[in-house]
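Here the structure comes first, spelled out in structure tokens, and everything after it is commentary.
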Amino acid sequence: MNDAKEASSSISNFSNEFQSSQQMDWLRVQDSLKGKLITEDDFKWRLPTREKEGSCEILKYVGGVDLSFSKDDSSIACGTLVVLDLTTQKVVYEDSSIVRLHIPYLPGFLAFREAPVLLELLDKMKNNAHCFYPQLLMVDGNGLLHPRGFGLACHIGVLADLPTVGVGKNLHHVDGLTQSTVRELLQAADSPEHILPLIGDSGCIWGAAMRSSEGSLKPIFISVGHRISLASAIAIVRMTCKFRVPEPIRQADIRSRERLRNNQ
DNA sequence: GCGACAG
DNA sequence: ATCTTGTCGC
Ligand SMILES: [Mg+2]
């Protein structure tokens, strides 16, 4: 092997080893944060019903977060937080931040790329004691539906100490679950709710697939993020699905892309 | 070795 | 994630 080849090979070895040791750190972080995860309802509000019961706080402010990326420079991203009024389904708060990302997208490690800017937006709103601070946050990315049961929605939920729900637009294959199998089962299942629990080969329930709008056959994938049960997560997501993607996430996605277009 | 791989 | 316009249909 000549010197040039040897040099490039050792650079690449170094780079690979660095990546892999960073991933080992990340595995430990995920494992550690997972110890704080709560997968049952843990909030003081309740879902809106048609009865009006006076004393209890009702869920009204639902947040959504997403990132968009520059087509020219893939390290430039815009993170956006929106809050919707559940009654009107209108955006009552919007904030975004354009940042340079230094961490690549790696399946299973999305949170290390996307969570920091989103946590900053949440923190800024909380520190201002904003009256629309969300009672629940919907995240564009999975929660428990993740190779180690700790996706972006769990990560944000634990670090912000906020109830979160994960919503994926594509299935991250885990525990024998595949996109095609799930679609077939969802079609075959005679569920009037258009919902299918995602039960893996191990028997574990990772979340649920749901055909969320009349307009599309392609399901969305709902999973528990933090401080909420799967049943509650499904009920709330369903309330916000005017289109396939739940409105808080859809608005964060749209406004994030708009902001990047008008500001870079 | 092969296929899979949230955003 | 992004590259990309129109087109068909309710
Ligand atoms: Mg996204």
Side-chain angles (χ1 to χ4, degrees), chain A residues 16 19-20 23 26-27 30 33-34 64-81 96-119 121 137-157 164-183 198 200-201 204 206-226 233 237 242-246 248-261 264:
Chain A
N16 291 336
Q19 273 212 337
S20 132
Q23 285 180 44
W26 287 347
L27 290 174
Q30 288 178 330
L33 292 178
K34 195 176 172 180
V65 285
D66 191 26
L67 271 74
S68 61
F69 299 86
S70 162
K71 58 175 181 178
D72 306 317
D73 181 349
S74 62
S75 74
I76 300 290
C78 176
T80 295
L81 164 66
S96 53
S97 172
I98 294 174
V99 293
R100 188 177 287 281
L101 298 181
H102 304 285
I103 292 173
Y105 166 65
L106 295 169
F109 300 99
L110 179 64
F112 297 92
R113 177 170 164 84
E114 297 200 350
V117 61
L118 300 176
L119 287 167
L121 290 167
L137 185 71
M138 292 191 191
V139 176
D140 183 29
N142 297 317
L144 290 185
L145 179 51
H146 176 273
R148 292 165 296 281
F150 198 78
L152 177 61
C154 302
H155 200 108
I156 290 176
T164 56
V165 173
V167 179
K169 300 182 289 292
N170 293 100
L171 181 66
H172 193 163
H173 293 193
V174 149
D175 197 12
L177 297 163
T178 69
Q179 193 106 278
S180 60
T181 309
V182 167
R183 281 223 223 180
L198 295 171
D201 292 339
C204 178
W206 296 86
M210 183 171 83
R211 283 174 53 180
S212 53
S213 74
E214 302 300 322
S216 89
L217 294 175
K218 186 175 181 178
I220 57 173
F221 303 92
I222 303 167
S223 58
V224 167
H226 184 47
V237 167
K242 184 179 179 183
F243 304 108
R244 185 174 83 105
V245 174
I249 291 174
R250 186 170 161 268
Q251 287 301 325
D253 176 79
I254 291 170
R255 290 162 191 250
S256 172
R257 198 176 292 97
E258 263 175 12
R259 167 77 202 280
L260 204 50
R261 191 162 50 76
Q264 281 277 331

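None of the values given here were measured: they were computed from a predicted structure. So that the names make sense, note that chain A is the first sequence line, chain B the second, and so on, each numbered from 1.
A:F69 does not carry A:R257 over the face of its six-membered ring by the limits of under 6.0 Å from the centre and within 45° of the normal.
The residue A:L145 sits apart from the nucleic acid: no heavy atom pair falls under 4.0 Å. Using a 4.0 Å heavy-atom distance criterion, A:N170 is classed as a sugar-phosphate-only contact. Among the heavy atoms of the strands lying under 4.0 Å from A:G108 is at least one base atom, whether or not backbone atoms are also near. Here A:G168 lies in heavy-atom contact (under 4.0 Å) with sugar-phosphate atoms only. Within 4.0 Å of A:S68, counting heavy atoms only, lie sugar-phosphate atoms of the nucleic acid but no base atom. Residue-level contact check: A:Y105 touches the bases, meaning some heavy atom is under 4.0 Å from a base atom. The residue A:F112 sits apart from the nucleic acid: no heavy atom pair falls under 4.0 Å.
Here the closest heavy-atom approach between residue A:C78 and residue A:R259 is recorded as SG-CG, 3.6 Å.
Close to C:dT4, at under 4.0 Å from its OP1 or OP2, lies no side-chain N or O of A:K71.
Taking atom CG of A:D253 as the reference point, atom C1' of C:dT2 lies 12 Å away to the nearest angstrom. Rounded to whole angstrom, the span from the CD1 atom of A:I254 across to the C1' atom of C:dA1 amounts to 16 Å.
Ring geometry for A:F112 versus A:H155: interplanar angle over 60°, hence perpendicular rather than tilted (30 to 60°).
Atom OG in A:S74 sits 9.0 Å away from atom CG in A:L101 (nearest 0.5 Å). Rounded to the nearest 0.5 Å, atoms CD1 (A:I98) and CG (A:L67) are 11.0 Å apart. For the atom pair A:D66 CG and A:D140 CG, the distance stands at 4.0 Å (nearest 0.5 Å). Taken from CD1 in A:I156 to CG in A:L118, the straight-line distance is 4.5 Å, to the nearest 0.5 Å.
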Q.
Let me check I have this right: for DNA chain C, each base becomes ., (, ), [, ] or |, based on Watson-Crick or G-U pairs with both distances under 3.5 Å. What is the full string?
A. ..........
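Within the 4.5 Å cutoff, the side chain of A:C154 has no heavy atoms near those of the A:H146 side chain.
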Report each atom pair, protein N/O against N/O of nucleotides 6-8 of chain C, whose distance is under 3.5 angstrom.
none

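A donor-acceptor pair under 3.5 Å is formed between the side chain of A:Q30 and the backbone N or O of A:G108.
A:H172 has its ring centre no less than 6.0 Å from the ring centre of A:F221.
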**Q.** Derivation of the salt bridge (Lys or Arg N to Asp or Glu O under 4.0 Å) call for A:D73 and A:R100
**A.** CA-CA 9 Å; A:D73 181 349; A:R100 188 177 287 281; 3.2 Å; yes
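First and last contacts of DNA chain B with chain A, using any nucleotide atom under 4.0 Å from a protein heavy atom and ordered 5' to 3', fall at B:dA4 to B:dG7.
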